[in-house]
Amino acid sequence: MSTPVLRLEGLARHFGGVRALDGVDLEVAAGDLYGLIGPNGAGKTTMIDIISGFQPATSGTFELDGVDVSGWPAYRLAAAGVARSFQTVRLFRNLTALENVLVGMHPHRRSDTLGQVFLLPALRRQHDVRVEEGRTLLDRVGLVEQRDRLAGELAYADQRRLEIARALALRPRLLLLDEPAAGTNPTEGARLQELLVELNRDGLTMVLVEHHLRLVMSMCTRVAVLDFGKKIADGTPAEVIRQQAVVEAYLGKEAAEEVAT
């Protein structure tokens, strides 16, 4: 049996008496497009924050490709191949779309301050290669024609896709997406779904936090459900949608029947 890309064991995060995450076990296999759903306040974003190094866990461990990376800071996890997006767009608004993507390549750049100051030929060649790679990534998400526009001037849905392009610039082994379709209209959401499915088919492992249930159920290979910080279900979309605990805690009977059809 192959080693999971991501394994959580007893992962918990407490804020005083509030158990935002309460002893969660989870395994994400290579190539999974893993959905994470649940009511508001269930602990989904807290889990993403811990896995990406933005919050420490109170207890428990998590592994990346079999290596215990519990407690690693965000920059070290990023260098190890964990990339993420955020609930609210976090771009460098006064940089161009291309420059935002180039920022995402930082962990893979060779540090050479003198070379950068004097613009040595080798550094110029490396820069040209990165620029071409950045254009390719922007083309992948449908933004290459807007590469020279400031990120803050882009339409909201385009900013969402630019965040994904910047995350891809990290060359991730694991991509964490926190409600990437939030605030998008149905057409934009469908374009985003096509992009994520394409990336997954190319072998990228992803964990997707999303409230658009039809989107999750139609494209995720596995789904876990959190409620009050605990995992209450885990399985294929078809298995999860039929579990009574999920219906009672999150969906309601009518919504479950609607999504299942």
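Numbers here are sequence positions counted from 1.
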Rounded distance (nearest 0.5 Å) linking atom CD of Glu163 with atom CG of Leu177: 9.0 Å
d(Leu150 CG, Arg93 CZ) to nearest 0.5 Å is 9.5 Å
With hydrophobic residues grouped by side-chain heavy-atom distances under 4.5 Å, do Leu196 and Val89 end up in a single group? yes
With a sphere of 6.0 Å drawn around CZ of Phe86, does it hold more than 12 non-hydrogen atoms of other residues, nucleotides or ligands? yes
Is a salt bridge present between Asp22 and Lys230, judged by a nitrogen-to-oxygen distance below 4.0 Å? yes
Taking CG in Asn94 as the centre, count heavy atoms belonging to other residues, nucleotides or ligands within less than 6.0 Å. Is the count above 12? no
Any heavy-atom pair between the side chains of Asp234 and Arg222 that's under 4.5 Å? yes
Heavy-atom nearest pair, Pro39 first then Asp227, reads CG-OD1, 3.6 Å
Is there a side-chain hydrogen bond (donor to acceptor under 3.5 Å, both in side chains) between Gln55 and Thr46 once you walk through the steps? CA-CA 8 Å; Gln55 285 191 43; Thr46 299; 4.6 Å; no
Quick check against the 3.5 Å criterion: does Lys231 have a side-chain atom that pairs as donor or acceptor with the backbone of Asp25? yes
Heavy-atom side-chain contact between Gln87 and Thr45 under 4.5 Å: yes
I'd like to check Met206 versus Asp32 (side-chain heavy atoms, cut-off strictly below 4.5 Å). Are they in contact? no
Do Leu204 and Pro172 make a side-chain contact, defined as non-hydrogen atoms from C-beta onward lying under 4.5 Å apart? yes
Check: Leu143 main-chain N/O paired with Arg147 side-chain donor or acceptor under 3.5 Å: no
Residue pair Pro237 / Met217: nearest heavy atoms and the distance that separates them: CB-SD, 3.5 Å
Without swapping roles, check the side chain of Ser70 against the backbone of Phe62 for a donor-acceptor pair under 3.5 Å. yes
Does any part of the side chain of Ser85, heavy atoms only, come nearer than 4.5 Å to the side chain of Leu176, both counted from C-beta? no
Taking atom CG of Leu168 and atom CD of Glu133, what is their separation to the nearest 0.5 Å? 10.0 Å
Crowded around Arg140 CZ? As in, over 12 foreign heavy atoms under 6.0 Å? yes
Heavy-atom pair of closest approach, residues Phe54 and Ala74: CE1-CB, 4.0 Å
Residue list, side chain to side chain contact (heavy atoms under 4.5 Å, CB included) with Leu95, at least two apart or on another chain: Phe92, Glu99, Asn100, Val103
Walk me through it: do Ile51 and Val69 pass the test side chain to side chain contact (heavy atoms under 4.5 Å, CB included)? CA-CA 9 Å; Ile51 297 169; Val69 294; over 6 Å; no
When rounded to the nearest 0.5 Å, the distance separating OG1 of Thr221 from CG of Leu208 is 10.5 Å
Test log, rule side chain to side chain contact (heavy atoms under 4.5 Å, CB included), inputs Leu64 and Arg173: CA-CA 9 Å; Leu64 185 66; Arg173 297 148 70 186; 3.8 Å; yes
Could you walk me through whether Thr236 and Val223 satisfy the side chain to side chain contact (heavy atoms under 4.5 Å, CB included) test, starting with their C-alpha distance in whole Å, then the side-chain angles of each, then the deciding distance to 0.1 Å, before giving a yes or no? CA-CA 6 Å; Thr236 67; Val223 177; over 6 Å; no
Between Arg191 and Glu194, is there a side-chain N and carboxylate O pair less than 4.0 Å apart? no
Is any side-chain heavy atom of Ile164 less than 4.5 Å from a side-chain heavy atom of Leu137? no
Can you list the steps and then say if Thr61 with Asp68 is a side-chain hydrogen bond (donor to acceptor under 3.5 Å, both in side chains)? CA-CA 7 Å; Thr61 62; Asp68 188 345; 5.0 Å; no
With Lys44 as partner, the option from Asp178, Leu21, Leu36 fulfilling side chain to side chain contact (heavy atoms under 4.5 Å, CB included) is Leu36
Considering non-hydrogen atoms only, spot the tightest contact between Ala167 and Ala83 and give its length. O-CB, 3.6 Å
Same cluster for Val24 and Leu6 if Ile/Leu/Val/Met/Phe/Trp/Tyr side chains link at under 4.5 Å? yes
Closest non-hydrogen atoms of Gln146 and Leu154, given as atom of the first, atom of the second and distance, are OE1-CD2, 3.2 Å
Can you check whether Glu63's main-chain N or O pairs, donor with acceptor, with Arg7's side chain at less than 3.5 Å? no
Could you state whether Leu33 and Leu175 fall into the same hydrophobic cluster, counting links through intermediate Ile, Leu, Val, Met, Phe, Trp or Tyr residues with side-chain heavy atoms under 4.5 angstrom apart? yes
Given the rule in the side chain to side chain contact (heavy atoms under 4.5 Å, CB included) test, do Leu26 and Met47 qualify, once you have shown the distances and angles that lead to the verdict? CA-CA 11 Å; Leu26 198 69; Met47 179 184 291; 4.0 Å; yes
Arg149 atom CZ, over 12 foreign heavy atoms within 6.0 Å: yes
All pairs passing ring pair (Phe, Tyr, Trp, His ring centres under 6.0 Å) where residues 6-42 contributes a residue, at least two apart: none
Val131 vs Leu102 side-chain heavy atoms within contact, under 4.5 Å: yes
Rounded distance (nearest 0.5 Å) linking atom CG of Asp128 with atom CZ of Arg130: 9.0 Å
Should Ile50 and Arg13 count as side-chain neighbours, where that means a heavy-atom distance under 4.5 Å? yes
For the pair Glu248 and Gln244, evaluate side-chain hydrogen bond (donor to acceptor under 3.5 Å, both in side chains) and give the outcome as yes or no after the intermediate values. CA-CA 6 Å; Glu248 292 176 354; Gln244 188 62 30; 3.1 Å; yes
Same cluster or not: Val246 versus Leu226, using hydrophobic residues (I, L, V, M, F, W, Y) connected whenever any side-chain heavy atoms lie under 4.5 Å apart? no
Same hydrophobic cluster for Leu91 and Leu195, using side-chain heavy-atom links shorter than 4.5 Å among ILVMFWY? yes
So, does Glu27 use its side chain to make a donor-acceptor pair with the main chain of Leu8 at under 3.5 Å? no
Give a yes or no on whether the backbone of Val129 and the side-chain of Glu132 come within a donor-acceptor separation of less than 3.5 Å. no
Glu210 side chain to His212 main-chain N or O, any donor-acceptor pair under 3.5 Å? yes
Measure across Val5 and Thr205 and return the closest heavy-atom pair with its distance rounded to 0.1 Å. CG2-OG1, 4.0 Å
